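For reference, the structure discussed in these notes is given below.
Since this is a predicted model, take the numbers as computed values, not measurements. Note that these values count all heavy atoms, side chains included, but never hydrogens, waters or copies made by symmetry.
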Amino acid sequence: MSSFALDAFSMGLVMCWLSGLLALGMLVLWRWETTEDGFGYWVVAQACLATGVAFLLLRGAIPLWLSVTVGNGLILANPVLIRVGIGAFLRAHLRVLPDVVLAIATVTGMFVLVTVVDRIDLRTVLMCVAMAVLDVRCLLALRNVSPEMRAAARLGQVVFGLIALALVARALWTPFAPESAGPLGEAGTTGPALTFLFASAAGVALPFVLMFLNSLRVHGRLTEARRVAERASDTDYLTGLRNRRHLFRAVSALNPTGRIGLLLLDLDHFKRINDELGHEAGDRALIAFAGLVPDLLGTEDLLVRFGGEEFAVVTPVNDPAQLHALAEAVRAAVERDLGRKARLDRPITTSIGLASGQAAWLDALLGEADDALYRAKAAGRNRIMGTTVPDTVLES
């Protein structure tokens, strides 16, 4: 058979060098960047692989039994630790004891085969089969992942599958060509060299897959944190309603020439409630208002806490009569139910200012509604006032 010019020692040295660099890179990522649960196990696993290959390369410089048992033991620790890391990463309960038992039994068998029997072909078959089984178990551990990590998990399964196939091919080849047995395809024959190079390439690709999984999880966490932060910045802490900032963002997303209706609502004599009954009673009134009014609104209406005891409703209803009817329903419900819902000894009323016009001119609408609200309060409170902003005013 033809043979590769690249000898076994050189192939092993390249693998050891690449694995060591990857272990160092993963260590840096683990200690100085954001990583998820389980990543530390993957760092140690990669270090075990690099160190294990180094021990195999030291044959001749150290006793053979030490090179074989420690080197292969560290290499076997690689998939075991990777699977432990997958369990921690996915927060899944994975049974690790069978992996540990298989690794220990394999190392024990390797020790016997190097010190008692001296069968390098049997050592090769035993090691390849054990590693293939451990890689398949890692493959199976990646089955249940979240949708955003599914593509990376499938890639990891492919890599584990390719490594297992290469190892099984090497194990099947060895009985028919005993002279090709040995670590790192040392005989240089084409089949073992190909399987070794194939498994090594997949093994070098694996850390990148694991780092990709970590990056997706971190990105998902950052995206969720950003979403929560954005929602918090748009949400009133006391009532849970959206706030003034959200109102401007929501209206800016509408068709600029589309018409909207606007209600500004202010709880009457709210300062008196705080002064006479305490701020806790005032907070109860605000919270009760936030729970009462949404039931009176449509699905496209937006209720926000505008500030203090002032609230705003943006609605697609812009016909003056319909807008006034909506405001009257809110005013009547507040007068009838709010005091009771807030567990106060008095009724609470609200004054409402109305305006309607194009969405692009929200500032003008707010000004009109605020003027109308002021007039409602000046006229005795617990009433509705408002005008429709003419298009000629909005376009001026």
Side-chain angles (χ1 to χ4, degrees), residues 15 18-19 21-50 75-100 102-103 128-169 195 197-232:
M15 184 178 179
L18 288 176
S19 298
L21 283 180
L22 286 170
L24 182 60
M26 293 176 72
L27 177 64
V28 171
L29 180 65
W30 180 41
R31 301 310 301 170
W32 284 282
E33 296 293 337
T34 303
T35 55
E36 295 295 320
D37 294 340
F39 195 86
Y41 290 106
W42 296 340
V43 174
V44 178
Q46 189 63 27
C48 285
L49 177 62
I75 292 173
L76 286 165
N78 173 263
V80 174
L81 288 169
I82 287 177
R83 191 166 180 274
V84 172
I86 291 173
F89 183 79
L90 299 179
R91 293 177 174 83
H93 178 68
L94 300 179
R95 294 182 60 197
V96 184
L97 183 59
D99 304 304
V100 176
L102 176 60
C128 288
V129 170
M131 282 291 292
V133 171
L134 293 173
D135 283 320
V136 169
R137 285 178 62 79
C138 289
L139 181 154
L140 296 176
L142 286 172
R143 285 178 300 178
N144 299 317
V145 298
S146 57
E148 63 271 15
M149 292 190 296
R150 192 163 294 155
R154 296 296 176 266
L155 179 60
Q157 289 181 311
V158 169
V159 173
F160 280 120
L162 292 175
I163 296 173
L165 284 174
L167 291 169
V168 170
T195 56
L197 286 175
F198 190 70
S200 298
V204 169
L206 185 59
F208 291 100
V209 175
L210 298 176
M211 287 188 281
F212 185 32
L213 276 171
N214 178 77
S215 297
L216 289 176
R217 172 68 64 79
V218 171
H219 180 266
R221 293 284 176 82
L222 291 176
T223 301
E224 176 64 16
R226 189 181 301 113
R227 187 191 67 80
V228 171
E230 288 179 355
R231 182 171 180 84

Tell me the closest heavy-atom pair linking [X] and [Y], and the distance in Å.
{"X": "S19", "Y": "L49", "result": "OG-CD2, 3.8 Å"}
{"X": "L213", "Y": "A153", "result": "CD2-N, 3.9 Å"}
{"X": "P207", "Y": "Q46", "result": "CG-OE1, 3.1 Å"}
{"X": "A152", "Y": "V209", "result": "O-CG1, 3.7 Å"}
{"X": "N78", "Y": "A45", "result": "ND2-O, 2.8 Å"}
{"X": "L102", "Y": "A130", "result": "CD2-O, 3.9 Å"}

| task | Flag yes if more than 12 heavy atoms outside Y41 fall under 6.0 Å of its OH atom; otherwise flag no. | result | no
Nearest 0.5 Å, please: how far is [atom2] in [Y] from [atom1] in [X]?
{"X": "D135", "Y": "I82", "atom1": "CG", "atom2": "CD1", "value": "7.5 Å"}
{"X": "L134", "Y": "L139", "atom1": "CG", "atom2": "CG", "value": "12.5 Å"}
{"X": "L27", "Y": "L22", "atom1": "CG", "atom2": "CG", "value": "12.5 Å"}
{"X": "M149", "Y": "L155", "atom1": "CE", "atom2": "CG", "value": "14.0 Å"}
{"X": "L167", "Y": "L162", "atom1": "CG", "atom2": "CG", "value": "11.0 Å"}

| request: Check for a donor-acceptor pair, side chain of R143 on one end and backbone N or O of L140 on the other, with a separation under 3.5 Å. | output: yes
| said: Using only atom types and a distance under 3.5 Å, with no angle test, would you say the side chain of N214 pairs donor to acceptor with the backbone of E36? | reply: yes
Are [X] and [Y] close enough that some pair of their side-chain heavy atoms sits under 4.5 Å apart?
{"X": "E148", "Y": "L216", "value": "no"}
{"X": "V43", "Y": "T35", "value": "no"}
{"X": "N144", "Y": "L90", "value": "no"}
{"X": "L206", "Y": "F160", "value": "yes"}
{"X": "R137", "Y": "V96", "value": "no"}
{"X": "F39", "Y": "L210", "value": "no"}
{"X": "M131", "Y": "I75", "value": "yes"}

| said: C48 vs V44, test: side chain to side chain contact (heavy atoms under 4.5 Å, CB included). Steps then yes/no. | reply: CA-CA 6 Å; C48 285; V44 178; 4.2 Å; yes
| task | Give a yes or no on whether a salt bridge exists between R221 and E224, defined as a side-chain N under 4.0 angstrom from a carboxylate O. | result | no
| message | Which residue is it: F212, F89, W30? I am looking for the one with a ring-ring contact (aromatic ring centres under 6.0 Å, His included) to W42. | response | F89
